[in-house]
Amino acid sequence: MLAKSAAAPWAPAIQDSYQARIEAAKAALGDRLVILGHHYQREEVYRHAHFSGDSLKLSRQAAATRADYIVFCGVHFMAEVADILSRPEQIVILPDLSAGCSMADMASLAKVERAWRELGEVLGNADEVLTPVTYINSAAELKAFCGRHGGLVCTSSNARRTLEWAFERRRKVLFFPDQHLGRNTGHGMGIPLDQMVVWDFDRPLGGLTPAQIEAARIILWKGFCSVHQMFRPEHIDRFLAQYPDARVISHPECSLEVCQKSHHVGSTEFIIRTIAESAPGTRWLVGTELNLVNRLHEQFKGEGKTVTFMSPTICMCSTMFRIDPRHFCDSLESLVEGRVQNRISVPGPVAEQARVALDRMLAL
Ligand code: 13P
Ligand code: SF4
């Protein structure tokens, strides 16, 4: 059975009026506006996006658009990337400034700098031994850290290629903030699990011994996504016991155990494409965010495909959900009135160094 999103807290008539007002503001702004929407965005907002995509696709879109205003229906780090990659005169807006990412918040510059220093004390000069790789789900100042230290950014769709790039240059990688994406990618490259250690950022030396650090190829930050940690291997076992012909597809932010039991693992864009290309009648179990899974269910039921959410409990990206029709409508209407509300602007020096790390990724 398909789980339902949390009910919208406003009456249908108000909901409809927001939809009409959004359309009117969008029409008034014309080609001065581009709306970018991540796949986890709720339907009432997502349907208005000029371009939708995963993090990589949206970054490329932000770099390519010529619009004056980029309204980002996603989370804070995505809007920061849009600001860094767009031209200085373009304005990036996040309709609700509290739309963050709990995983991104698990790594701060102070803690990453401390890790770098402590790792250097064990390994010698960290800049000669380690490449820092940050998942795009991180603050701009961590991307800048990677830019300064010869590292780069990765997304869920190019993590393997970025790790290969990193290992072509230095012996080891410090990967933050998502341990699961790092582990899943390293495992896929054939790196043994005991050569991927977890750095507990609240403990001296990450809770590791110098010998463990010396032996490690990838040092994984102890971060995770609160949504994707809800999916468990036993959910897959139960589903396949009931539907042995079903196909399982998961996002690489899920645990290694879940990814190993899945037939396919990839970014949100990959998940959409794989289900779209599957044969009519295919039954899917999907380990990613609820709004996307519900949309896929609606989109493909006409082809006889069944798309089921992996967790028996409702888990959705609550921060992404903060971009609601009211905040979205306010952002657009204020632009029509000539006011810029909730601008995301990354300070110059941070943006410059973060861009170095983003450009290294985009060049791959
Ligand atoms: P994608 O880049 O695969 O869309 O993932 C972004 C994200 O935040 C997943 O939790
Ligand atoms: Fe962050 Fe997880 Fe939400 Fe993705 S789903 S934006 S990683 S909290």
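Atoms within a ligand are numbered from 1 in the order they appear, just like the ligands themselves.
At a threshold of 4.0 Å, the pair Arg161-Glu164 counts as salt-bridged, since one of the basic side-chain nitrogens sits closer than that to a carboxylate oxygen. Look at Asp31 and Arg66 and you find no salt bridge, because none of the NZ, NE, NH1 or NH2 atoms lies under 4.0 Å from a carboxylate O. Between Glu118 and Arg114, at least one side-chain nitrogen of the basic residue sits less than 4.0 Å from a carboxylate oxygen of the acidic one, meeting the salt-bridge criterion. The pair Glu113-Arg117 does not count as a salt bridge, with every side-chain nitrogen at least 4.0 angstrom from each carboxylate oxygen.
The closest approach between any non-hydrogen atom of His39 and ligand 1 is not below 4.0 Å. Every heavy atom of Met103 sits 4.0 Å or more from the atoms of ligand 1. Heavy-atom distances between Glu269 and ligand 1 stay at or above 4.0 Å for every pair. At least one heavy atom of Glu253 sits under 4.0 Å from some atom of ligand 2. Under the 4.0 angstrom criterion for non-hydrogen atoms, Thr155 is not in contact with ligand 1. Under a 4.0 Å heavy-atom criterion, Phe270 is not in contact with ligand 1.
Closest protein heavy atom to atom 5 (O) of ligand 1: His251 NE2, 3.3 Å. The protein atom (non-hydrogen) at minimum distance from atom 7 (C) of ligand 1 is Glu253 OE2, 3.6 Å. Shortest contact from atom 1 (Fe) of ligand 2 to any protein heavy atom: Cys101 SG, 2.4 Å. In terms of protein heavy atoms, atom 8 (O) of ligand 1 is closest to Asn137 ND2, 3.0 Å. Of the protein's heavy atoms, Ser156 OG, 3.5 Å lies nearest to atom 1 (P) of ligand 1.
Between the side chains of His48 and Glu23, at least one donor N or O lies within less than 3.5 Å of an accepting N or O. Side chains of Arg295 and Gln299: a donor-acceptor N/O pair is absent below 3.5 angstrom, by distance only. Side-chain contact check for Ser55 and Thr155: no donor-acceptor pair (N or O, by modelled atom type) lies under 3.5 Å.
Among the atoms of Ser267, none of the N or O lies under 3.5 angstrom from an N or O of ligand 1. Among the atoms of Asp54, none of the N or O lies under 3.5 angstrom from an N or O of ligand 1.
Looking at Asp178, its side chain never comes within 3.5 Å of a backbone N or O of Glu253 through a donor-acceptor pair.
Among the atoms of Cys317, an N, O or S atom falls under 2.8 Å from atom 3 (Fe) of ligand 2.
For ligand 1, the atoms closer than 4.0 angstrom to any heavy atom of Tyr40 are 7 (C), 9 (C), 10 (O). Short contacts between ligand 1 and His228, defined as distances under 4.0 Å to a heavy atom of the residue, involve ligand atoms 10 (O). Against a heavy-atom cut-off of under 4.0 Å, Cys225 is close to the following atoms of ligand 2: 2 (Fe), 5 (S), 7 (S).
Across the listed options Ser102, Gly74, Ala99, Ser102 owns the non-hydrogen atom lying nearest to atom 8 (S) of ligand 2.
For an aromatic pair to be called close, the ring centres must be under 6.0 Å apart, and Phe145 with His149 satisfies this.
Side-chain contact between Ser52 and Tyr46: present, with at least one pair of heavy atoms (C-beta onward) separated by less than 4.5 Å.
Note that Arg326 lies outside the cation-pi zone of Tyr18, set by a 6.0 Å cut-off to the ring centre and a 45° limit from the axis.
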